[in-house]
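See structure below.
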Amino acid sequence: TVSKGFRAAKNRLAGKTEIGPEAVDESLRDIRVSLLEADVAFEVVKKFVARVREKAIGEVVKTTITDKHGRRIRVTPSDHFVKICHDELEALMGPVDATLKLKPKGQVSGVMMVGLQGSGKTTTAGKLANYFLKQEKKPLLVAADIYRPAAVEQLRVLGERLGVPVFFEPDTSPPELAKKGYAAAREKRCDVVIIDTAGRLAIDEQLMQELEAIKSAVAPDNVVLVVDAMIGQDSVRTAAEFDRRLSLDGFILTKLDGDARGGAALSIKEVTGKPIKFLGMGEALDRLEEFRPDGLASRILG
Amino acid sequence: GATPKQLDESVLGELEEILFTADIGVRTAANLVEAAREKAKRNELSSADRLKSVIRQEVERIVDLEAPKSLEGGGPPHVVMVVGVNGSGKTTTIGKLAAKVSAQGKKVVLAAGDTFRAAATEQLDVWAERAGAELVKGKEDADPASVVFDAIKRAKETGADVVIADTAGRLHTKAPLMEELKKVRRVMDKAVPGAPHEVLLVLDATNGQNAIQQAKQFQDAVGVTGIALTKLDGTAKGGVIIGICDELRIPVAWVGVGEKVADLRRFDPKEFVSALFD
Ligand SMILES: Nc1nc2c(ncn2[C@@H]2O[C@H](COP(=O)(O)OP(=O)(O)OP(=O)(O)O)[C@@H](O)[C@H]2O)c(=O)[nH]1
Ligand SMILES: Nc1nc2c(ncn2[C@@H]2O[C@H](COP(=O)(O)OP(=O)(O)OP(=O)(O)O)[C@@H](O)[C@H]2O)c(=O)[nH]1
Ligand SMILES: [Mg+2]
Ligand SMILES: [Mg+2]
């Protein structure tokens, strides 16, 4: 669905043969509205609009541009402005880097899932296990959420559906569970360990220390922040704090099968510099896609 | 020195930042600023503090809706339907609500209406035990409506005061899932005419503008009598509810402030406004 903001910007410029700075500024106000409505963080919107303004003021008066195949094509100023916004947004969300760091054959690699309560970590852990199976790897799941009622059971059910082993031991701390999970993986000749952790607030000192302890216990190759695509302005606070404490390797954005605009994608990338690796597109375990910026850019702009 | 109009603009800029970063949304923020400007013109106020105080009062006025009684009034049994998108905190909130009912010396039956998600019933089972509630569940992949029907039947048999029905998380954009919810509602009415007496929409306070769509769609599908706003113990402010209260007139009944059984309070407009602006 096209949001009012972006459509207003396009309409404002439609039919003009050249565009001066005032027209650009008016259109940028429309873009700003569109991005805020898309849940892009306030500070990130400011930065984005400043960047686009810089490009547009210089370039939008042109009526021919060179496209990515090197061809010269005629464009209206309105189309050119839209293209600048789109390209700038895509550039900010890229480059594409959907690969997870994996050790060479014969060694155990690790992926640690972290994030706020209810963001989709446990489900996504299952999806990653499925993803690795398809890549002919042998995943093992570690149930390190010892707090949420039936969290271990939830992961066990997912593991069972996939035929993937799930490691858990009662009365064991999460860092210990991670260590023993790796040992179990070696014993079973598994090559990738996926650690599910409990949802937590970035401001919960004790629980954030627990994550640091898990990380230092097993040094997982990938620490991935799982983010609900519906998240609003809090995306920046949360992503920044998780990144500061754990040095994230990337993000997975979930629940994109809904109609949330997903502006958090731009915010978290902009604020941490870390890439979005995957997108969750449904509740089923095969609903995981590698991240591509173009689809999300259109969705955020509206 | 700065003219009153100039002062307004820089003050408005600072207020904008507070409003937007609290997820208040563009349209609601514009309405609030407009209302404040009107008042400012009439009273000739232009100081930063005065403008901020006018906006605070306006927000409080908007969210201070008459909240219907929760957990009582219908039946018996008083039937509560709990709905919302995936991961918002429905099951946890039900556990907390059940504990409140038990604490009043009343009997509560929980319906394990999420027959879809892995270990959903097991999760609610733990909460039922914590809250001193009876749990009625069905077989795996059972029809949610039939589990809810059985729970209400059990409540009537045992003279329970309240039934709280858990439902599977669902995105409001999925028509077949919204139809399923409508069916659950119809079956409740069959079991007890007039049920559900209460439909609680559980909204995650970390959600952005999508919360407004959620409220609209769930309202249209099953009629929402109140909102339970969860995860307010985090850094998110839940500002989206201002637009929801203003446009849809749905009151916030409960606020979730943690993961433990006692972490649920009645919504307090003054507390909400103070957390937002202070
Ligand atoms: N529609 C949709 N639902 C999803 C997606 N990913 C997860 N879910 C659902 O979101 C809800 C929460 O998922 P969980 O995996 O339990 O989330 P979590 O982060 O492990 O939750 P906590 O452990 O409590 O922090 C469940 O109902 C999932 O089925 C997705 O991509 N799309
Ligand atoms: N910090 C905090 N966490 C909460 C609150 N309410 C719920 N949670 C957590 O949010 C996560 C999801 O809660 P659930 O009760 O499983 O959510 P749900 O809506 O039933 O999820 P689905 O059934 O999968 O759609 C759990 O980790 C809860 O402990 C709250 O008020 N504060
Ligand atoms: Mg989980
Ligand atoms: Mg639930």
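Protein chains get the first letters and strands the later ones, always in sequence-line order, with residue 1 at the start of each. Heavy-atom basis, side chains included; hydrogens, waters and symmetry copies ignored.
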Main chain of A/Gln233, side chain of B/Asp23: is a donor-acceptor contact present, judged purely on distance under 3.5 Å?
yes

Report yes if the side chains of A/Arg148 and B/Glu259 come closer than 4.5 Å at any heavy-atom pair, otherwise no.
no

Measuring heavy-atom distances to chain A, does B/Asp233 have an atom under 4.5 Å in its side chain, in its backbone, in both, or in neither?
both

Quick check on A/Glu283 against chain B: is it the side chain, the backbone, both or neither that has a heavy atom closer than 4.5 Å?
side chain

Considering only heavy atoms, which portion of B/Val85 lies under 4.5 Å from any heavy atom of chain A: side chain, backbone, both, or neither?
side chain

Steps toward salt bridge (charged side-chain N to carboxylate O under 4.0 Å, His left out) verdict (A/Lys46, B/Glu16):
CA-CA 12 Å; A/Lys46 275 205 224 148; B/Glu16 255 194 349; over 6 Å; no

A/Asp234-B/Thr235 side chain donor-acceptor pair, cut-off 3.5 Å:
yes

Scored by heavy-atom pairs under 4.5 Å with chain B, the best of A/Pro149, A/Ala151, A/Gly118, A/Gly263 is A/Pro149

With rounding to the nearest 0.5 Å, note down the distance linking CD in A/Gln154 to CD in B/Gln123.
7.0 Å

Do you know which two heavy atoms are closest between B/Gly87 and A/Lys255, and how far apart they sit?
CA-NZ, 4.2 Å

Here the gap from A/Asp257 atom CG to B/Thr173 atom OG1, rounded to the nearest 0.5 Å, amounts to 6.5 Å

Will you find, in the side chains of A/Asp259 and B/Asn210, an N or O donor that is under 3.5 Å from an N or O acceptor?
yes

Atom pair NZ (B/Lys231) and CG (A/Leu201), whose distance is rounded to the nearest 0.5 Å
9.5 Å

Are any non-hydrogen side-chain atoms of A/Met230 and B/Leu171 less than 4.5 angstrom apart?
yes

Does any heavy atom of chain B fall under 4.5 Å from the side chain of A/Arg32, the backbone, both, or neither of them?
side chain

Go through the atoms of B/Glu17 and report whether side chain, backbone, both or neither lie under 4.5 Å from a heavy atom of chain A.
both

Mind checking the CG-CG spacing from A/Leu116 to B/Asp204? Nearest 0.5 Å is all I need.
8.0 Å

So which atom in A/Leu36 and which in B/Gln209 form the shortest heavy-atom distance, rounded to 0.1 Å?
O-CG, 4.3 Å

